[in-house]
Amino acid sequence: MNLYPKKIGYVQIICLAFYILFVCPVFCQFKYETLTNADGLSQGMVFDIIQDKEGFIWVGTKDGLNRYDGYGFKVLTNEPNNDKSL
């Protein structure tokens, strides 16, 4: 018994085309938001971005480390006279 037919029918081709053209673009879209200095980012030159297991977005900039919680930024910078700062 052959499980794989040698010819693909027109119905299968139409279904595949419908999926590629209409279904996949709807469900395969990524939502993103652009964040700038106007949103509280400390500096526009970004070196690295990472998300931790708690959902915070950490952004390393020229001016310090920024933590984004989905609402706003908390900026962590180096304080030269404080040994416990960045």
Side-chain angles (χ1 to χ4, degrees):
M1 181 174 169
N2 188 2
L3 297 176
Y4 302 104
K6 293 182 181 180
K7 294 183 180 180
I8 297 177
Y10 292 114
V11 174
Q12 286 90 357
I13 292 173
I14 292 171
C15 289
L16 181 61
F18 177 80
Y19 177 78
I20 290 170
L21 294 174
F22 298 106
V23 176
C24 193
V26 171
F27 292 107
C28 299
Q29 292 179 1
F30 293 101
K31 183 180 179 229
Y32 66 92
E33 184 177 343
T34 303
L35 300 168
T36 64
N37 297 29
D39 300 305
L41 188 63
S42 66
Q43 217 269 342
M45 184 179 288
V46 175
F47 296 115
D48 203 3
I49 301 173
I50 193 167
Q51 184 174 13
D52 66 13
K53 64 182 178 181
E54 295 171 359
F56 293 113
I57 304 291
W58 293 88
V59 182
T61 67
K62 186 178 178 182
D63 198 34
L65 187 62
N66 297 252
R67 186 187 75 184
Y68 183 67
D69 61 3
Y71 300 103
F73 284 99
K74 179 177 181 182
V75 181
L76 306 167
T77 58
N78 181 20
E79 298 172 15
N81 298 329
N82 186 354
D83 292 340
K84 295 183 180 183
S85 73
L86 291 177

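Only heavy atoms go into these numbers, but all of them, side chains included; no hydrogens, no water, no symmetry mates.
- Both L35 and I57 belong to a common hydrophobic cluster when Ile, Leu, Val, Met, Phe, Trp and Tyr are linked at side-chain heavy-atom distances under 4.5 angstrom.
- The main-chain N or O of G60 is never found under 3.5 Å from a side-chain atom of D48 such that the two would form a donor-acceptor pair.
- Under the 3.5 Å distance criterion, the side-chain polar atoms of E54 are left unmatched by any main-chain donor or acceptor of F56.
- Considering only heavy atoms from C-beta on, Y68 stays 4.5 Å or farther from D39 through its side chain.
- Closest approach of P80 to N78, counting heavy atoms only: CD-O, 3.6 Å.
- Cluster annotation: L65 is connected to I50 through the hydrophobic network of ILVMFWY side chains, with a link wherever side-chain heavy atoms come within less than 4.5 Å.
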Step-by-step side chain to side chain contact (heavy atoms under 4.5 Å, CB included) determination, L41 to V46: CA-CA 10 Å; L41 188 63; V46 175; 4.2 Å; yes
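- When hydrophobic clusters are built by joining Ile, Leu, Val, Met, Phe, Trp and Tyr residues whose side-chain heavy atoms come closer than 4.5 Å, directly or via intermediates, Y71 is not grouped with V75.
- Annotation for G64 and T77: closest pair CA-CG2, 4.4 Å, computed over non-hydrogen atoms.
- The two atoms that bring Q43 and T61 nearest to each other are O-CG2, 3.7 Å, heavy atoms only.
- Closest non-hydrogen pair, G40 versus N66, comes out as O-OD1, 4.3 Å.
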